[in-house]
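Naming: A, B, ... by sequence-line order, numbering from 1 per chain. Predicted, not measured: the structure shown is a model, and the values here were computed from it.
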Amino acid sequence: MTLKKAYLLILSALLSLQVSCSSKAMEEHTTEIFAMSTIISISAWGEDAKEVVRRGEEFIYSMEEKFSTTRATSEISLINDAPEQWHDICTEVEEVLLYAQGVSERTSGAFDPTVYPLVAAWGFTQNQNRVPPEEEIQELLPLVNASAMAFEEGQVRLEEGMMLDLGGIAKGYITDCLAEQFREDGITSAMVSLGGNVYVLGTKTDGSLWNIGIQNPYGGGAIGSLQARDKAVITSGGYQRYFTDSETGETYCHIIDPRTGYPSDSGIASVTVICDSGMRGDALSTAFFVMGLEESIAYWREYDNFDLVLISSEGDVYITPGISSSFSLMKTYTQGSLQVIS
Amino acid sequence: MSAEEKEEKNEIKEKKVESPEKTSWLKKNMLPLGILIFIGLLCVVGIFLGQGEQQLLATVTHKGVVLLEVDLSQVADGFIREVGTPEGEYNVIEVNSGRIRVSEATCSDQICVLQGYSTGDGRPIVCLPHELVITFEGGEDGLDAVTG
C-alpha cells in the first residue's frame, strides 16, 4: 500500500464518520400533545426542528378550534347548533367538507360526514352507550345525507336536524397540512401520529425507510409491519371503542354504517389505507371498514392508486400487490394467513 | 578492484539500502495505519454494544409528568401502581414481566382498560380523559410507529 492510498482510505473513512456524525447532530425534536380528542406525537429532524414542531403544535390547536364537535364555539359546533342557516366557514373547513362530500358520493354513502345524529343516538359522543330503538334509527337516517350540504363562497348550509362530525377525516387533513408545512420549512425527515393516523415524511435520518406496525385488532402488539416513505398509513377498526349490550350480550363498535344506522358489522376487523394523502386515507379507511372486504377490493380495483391491508373478522390478512414486498407479517401473528389481492 | 567487482559491490549497496526504505515506509505510515486500526476497533465495539441485552422501557406519563419508568424485561415480581387525582379519578397500572396494562380506571370511555396488556410492540396505552400515556422504547420489533 502506498502512502497516497493509505491517506485516501483514511480520508474516506473520516468522511463517512463525518456523515454519520452530522446526521446525528441534525436537530431532532419530538413532542406529544393531547388535542383533537386524541394523543398526537410529532417527531422532526432538520435545521430548526424545534421551532418547526412548535409551529405544528400551534396549527393543531388552531384546527381543533375549528373542527371540534365538543367545543361550543368551533365552526362545526356553530353549524350543528343551527344547521338550516348559512354559516361562514374558513378555507380549511370548506376544503374538508367538500372533500368529504366527494368521498361520500364515491363510496355510495359508506362514509358520511353527517352521520353525527346516529353516533349520538348510540351514545358514543357522550360515552353513555345505548341501543336505540329501531324507530329512532329510522327517524334519524334521513338526516344522514352529505349530498344535502350546500355551499356558497365561504359558506355552508345543512338541513334542519343534520349534524356534522369530521372525526373520520379532519385528522388526516391536519396530517397533510403538517407534512406540507414541514417540507416548506426544510424538514427532510418527520413522523406524525394523530391517534394512530401515521404520516411519514422522507426517510429516517440514516436513509432507511420507516417501519410502521399495524395494530393487531385482537389485542397484543402489531400483526405486521410496513416499510414506507412519504406516505399516510391510516387504520380504522372497531376494536378500540365498543360496548357490549348487557341484555343481549351483543357487541357494538363505534363506527356507524351511515346507510343502515347500525354499528358496522361488515366482517372486517380493521382496514389500513396506505396513500399519499392523509385526508384520503382517513376517509377511505372509515368507508372500507363499513363496506367490507369485497366492496373495498372492488373500490381499490376501480381506482388502484393506494394500497390496503384488510384484516377479516376471521383474522386473515389481505394486502394489495403494491406493498407485497414492503409488508411482512409478524412471526407471532397466528390468527390467520396472508393473502395478496390480485 | 575490477570493474565487475565494483558493480557487484554497488548492487550489494543498493540491496542494503532497500531494507531502511521498508522501515521508513512503516514509520511514515504508522499514523494512518494506527487510525485505520482505531476506526476498526470502534466499529467492533459499536457492534458489540448494539448487541447488548434488549431493553423494553415503559414510561408512564400523567398530564405530561413522567411518573414511572420501568424496564419490563427486568421485572421479576409484578407490581401495581395507582395514579390518582385529588378529584378521585384514577388509573390502576399493572406491571408484570414483559408486559403492562391499565387494569382499572374511572375514565368514562374505558378504552385504556379495554386495550389490555401491552408487550411494547404495539400502540402506546392511552387514557385520553385522564391524560395518561404509557409509551415504549426498545423491544425487538424495531417499529417506528404503530397505526391502529
**Q.** Residue A:Q126 excluded, over 12 heavy atoms near CD under 6.0 Å
**A.** no
(Q) Measuring only between side-chain heavy atoms, which start at C-beta, is A:E32 closer than 4.5 Å to B:T135? (A) yes
Q) So do A:I39 and B:R123 actually touch side chain to side chain, heavy atoms under 4.5 Å? A) no
Q | Which atoms of B:E131 approach chain A - backbone, side chain, both or neither, heavy atom under 4.5 Å | A | both
Q.
Please evaluate residues B:T147 and A:T272 with respect to the criterion side chain to side chain contact (heavy atoms under 4.5 Å, CB included), reporting the C-alpha separation (whole Å), side-chain torsions for both, the decisive distance (0.1 Å), and the verdict.
A. CA-CA 8 Å; B:T147 175; A:T272 302; 4.3 Å; yes
Q. B:D144 and A:M191: side chain to side chain contact (heavy atoms under 4.5 Å, CB included), yes or no, with the steps?
A. CA-CA 9 Å; B:D144 298 305; A:M191 185 173 65; 4.0 Å; yes
Got a second to check how far [X]'s [atom1] is from [Y]'s [atom2], nearest 0.5 Å?
{"X": "B:L114", "Y": "A:Y239", "atom1": "CG", "atom2": "OH", "result": "13.0 Å"}
{"X": "B:H130", "Y": "A:F34", "atom1": "NE2", "atom2": "CZ", "result": "11.0 Å"}
{"X": "B:L128", "Y": "A:T38", "atom1": "CG", "atom2": "OG1", "result": "5.5 Å"}

Q) Of the non-hydrogen atoms in B:L143 and A:S225, which two are nearest, and what is the gap between them? A) CD2-CB, 3.5 Å
Q | Considering all heavy atoms, the nearest A:N127-B:S108 contact | A | ND2-OG, 3.2 Å
Q.
Using a strict threshold of under 4.0 Å (side-chain N to carboxylate O), is an ion pair present between A:R241 and B:D109?
A. no
**Q.** Which of A:F124, A:W210, A:F243 touches chain B most, by non-hydrogen pairs under 4.5 Å
**A.** A:W210
**Q.** Toward chain B, the part of A:S270 with a non-hydrogen atom under 4.5 Å
**A.** neither
Q: Heavy-atom distances under 4.5 Å only: say whether A:I33 touches chain B with side chain, backbone, both or neither.
A: neither
